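Given the structure is predicted, the values throughout are model-derived calculations rather than measurements. Chain letters run A, B, ... following the sequence lines, proteins first, then strands; residues in each count from 1.
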Amino acid sequence: MTTYTKVAPPEGFSAPGLFATSFEKVLGLARSYSIWPLPFATSCCGIEFMATVASHYDLGRFGAERLSYSPRQADLLMVMGTIAKKMAPVVQQVYEQMAEPRWVMAVGACASSGGIFDTYSVLQGIDRIVPVDVYVPGCPPRPEQILDGFMKVQELVKNESLRKRYSPEYREMLERFSITPITPAGQH
Amino acid sequence: MLQKDDIISKLKETFASAILAVEDPDGIATFTIASESIIPVTQFLREQLGFNFLTDLCGIHYPDQELPLGVIYHLHNFQENVRVRLKAFVPGENPSIATATDLFPAANWMERETFDFYGIIFEGHPNLKRILNVEYMDYYPMRKEYPLEDPTRHDKEDQFFGR
Amino acid sequence: MEPNKYSAETEAIIKNYTTLNLGPTHPATHGIFQNILTMDGEIVVDAEQTVGYIHRAFEKIAERRTWYQITTLTDRLNYCSSPINNIGYQLAVEKLFGVETNKRIDYMRVIIMELARIADHLICNSVIGVDTGALTGFLYVMQEREKIYDIFEDICGARLTTNIGRLGGFERDFAPETIQKIKDFIKGYPKVLAEFEKLLMRNRIFMDRTIKVGPISAERATAYGFSGPNLRAAGVDYDVRVSTPYSSYNDFDFIIPTGTQGDTYDRFCVREAEMWESLKIIKQAVDNLPEGKPYVDVPEIVLPPKEEVYSKMEPLIWHFKVVMGEVNTPVGEVYSAVEGGNGELGFYIVSDGGRTPYRLHFRRPCFIYYQAYPEMIRGGMLSDAIITMSSMNIIAGELDA
Ligand code: SF4
């Protein structure tokens, strides 16, 4: 018999017929189980991602059933594979097109740091052009590792403050990557 | 059956002056050809001897030679199942050689790649521009004098061993 | 209307061509390449290709690595069938060193290469299915591919970037469980493959979508340097395994399937038939696996066993020499090719006797035949262009080196 664990409710006050908690936590919970990833698969790691979404490992179990190939609807940019210097502007543009809140996951050694390709044509890690939330090591990471990285992203999403994306620190951080913030300034 | 020796003798007969050297390093007859006769030789091989498949075309760089840059062709005759290798060397200043795209459409991208890596100009090529690297790159990375490593990385530098 | 009534520019305006940018990150293209299409409504008039989006400078890296370290690079060429690349490179270096391998090594290599070929063709064919709207087949056969990866994992510890074997053989023999797994695979796989074929091969929709789509004639295919299943689909029976047998391929009984039209359907069928042939080869190789050591006795290229390295002087020295590339390398040049997943995968090595190759050039079949793509899709529909691309099995890693 398989036993199922239901998603644990956030902290809060419960009484018969009533449950009170903060809006932030409910939203975090909902978001974290309905992440739409944008698979940005360029090379070998992308093949492992194919295995991750396919029947054997099934990323859909984590609420990421729906891959969003359009950046506008995506929440999570999963960069898998080598990003060459020729490709770098495209990655940045895709990131810019995504709506807030957005997260980025660098899957594999190449996306994280250039990997074994310390060469004139390869970008030495995508954190030079976009901010990265979770790095998954491995060349390529096993599907289990990708799933683990995905769960780390879920953790981040769940615990994120609703004000974070409006904070001056966040805007400053984006400007360091020369990305124009899309959240209006000074709103809390 | 077309034998290796037949090819060698036939080519020598027809292009006595253009063939600078004949070798056999790995079972493939290898000819070094004067760069200006590369197209007639390829055409002869293709039309008279049935080498209708261009397996490979690549460049090479020997900085110490008088003619430092080379282009290497591998041709294959499917019917007789023999291969030949042709080499042509060009000078380091303004390296240029005639294009083989009229004979083999397959040469198109391979020549662009060779241009991209070594800066060898293929005269008469329909669209000679960089193929793999970014277009604003201002050097030819596969030449021996250029470094492999990404120049923007400083975390791997070591006082004693370099990188 | 009489011909040549308008100038070309006016004609373009009248016909109202649109420009469509497909890629570099289009969900329908499996990999990173850009096509700028000129469209007349739904019909493709012309295409301009841009490649190089994951150029990683393999050939330059290879000039800085010792002979041992390059196998890792070859993994990343055609990553759907890395073991073929690994073994192809090892065969090329062995040819340079003049090393002869025994039958057991050859047979082990054949088993691995044919398994990799199945994995490669399986992805390609199931992706054609996905592009014509049949996701089921893809999800179904991925399960089988996991079994192949399991076998690779048993042999070398990695799933995808295998770095399988060593120069001069393997570091250790197949375990009995591995052989059992291979036997199980041979037994279970035909059922899956037959079902997959039943799903697509005589499916009316699939046939309508693929027959006469993206065709190429035998002459054009040869001129464009096609090789592998794509060339055979056009009707040329060229296969490196037969024309220049390596690794004892001449011991096995198999046929080279060919097509007639060179269209997408033929490419699909040729790949299907090849998977059956690969199964046949694996079966023969497993059944007749000869006895012998899994590595050759050439200290120049074979790492000594680890226990001896830790306890004896001589093996320790050799280990050091091999790893640092301090052995005597022959001067010379070789061209050695294997039949990769996509065709003739060639390795052209020039050695000046140093610790690294002086020049290592990979003949990458994808790179060479992808240039024919505009010619193949001209005059077809946009959605046909996508299917043509996936049936050519363009692998970005191999394309861009
Ligand atoms: S990390 Fe390794 S497997 Fe992933 S893209 Fe880079 S080289 Fe390929």
Go through the atoms of [X] and report whether side chain, backbone, both or neither lie under 4.5 Å from a heavy atom of chain C.
X	result
B/N81	side chain
B/Y62	both
B/R83	side chain
B/R46	neither

Give the member of [options] that has the highest number of heavy-atom pairs under 4.5 Å with chain C.
options	result
B/F104, B/W109, B/F78	B/W109
B/N127, B/T30, B/D116, B/N108	B/N108
B/L103, B/I131, B/T55	B/T55

Are there more than 12 heavy atoms of other residues, nucleotides or ligands under 6.0 Å from atom [atom1] of [X]?
X	atom1	value
B/E66	CD	no
C/F320	CZ	no
B/N94	CG	no
C/N250	CG	yes

Which bit of [X] comes within less than 4.5 Å of chain B, counting heavy atoms only: side chain, backbone, both or neither?
X	value
C/I368	side chain
C/L231	side chain
C/F367	both
C/E48	side chain

For the pair C/R363 and B/E113, find out whether any cationic side-chain nitrogen is under 4.0 Å from an anionic carboxylate oxygen.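 Answer for the salt bridge query: no.
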
Please give me the minimum heavy-atom distance between [X] and [Y], naming the atom from each residue.
X	Y	result
C/V350	B/I60	CG2-CD1, 3.8 Å
C/R364	B/L132	NH2-CD1, 4.3 Å
B/P105	C/A223	CD-O, 3.5 Å
B/R143	C/K60	O-NZ, 3.0 Å
B/A106	C/G225	CB-N, 3.7 Å

As an exercise, state the distance from CD1 of B/I72 to CD of C/E333, rounded to the nearest 0.5 Å.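 Here the rounded value is 6.5 Å.
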
CD1 of B/I28 to OH of C/Y335: how many Å apart, nearest 0.5 Å?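 B/I28 CD1 to C/Y335 OH: 7.5 Å, rounded to 0.5 Å.
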
Side chains of [X] and [Y], heavy atoms from C-beta outward: is any pair under 4.5 Å?
X	Y	result
C/Y238	B/H76	yes
B/C58	C/E59	no
C/Y224	B/L54	no
C/Q371	B/R112	no

Under 3.5 Å, is there a donor-acceptor pair between the side chain of C/R359 and the main chain of B/H61?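 Absent.
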
Here's one to test your reading of the geometry: is the NZ or CZ of B/K144 within 45 degrees of the ring axis of C/Y358 and under 6.0 Å from its centre?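 Here B/K144 passes the 6.0 Å and 45° test against C/Y358.
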
Between C/G346, C/S336, C/S243, C/P365, which residue shows the highest count of heavy-atom pairs closer than 4.5 Å to chain B?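 Ranked by heavy-atom pairs under 4.5 Å with chain B, first place is C/S243.
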
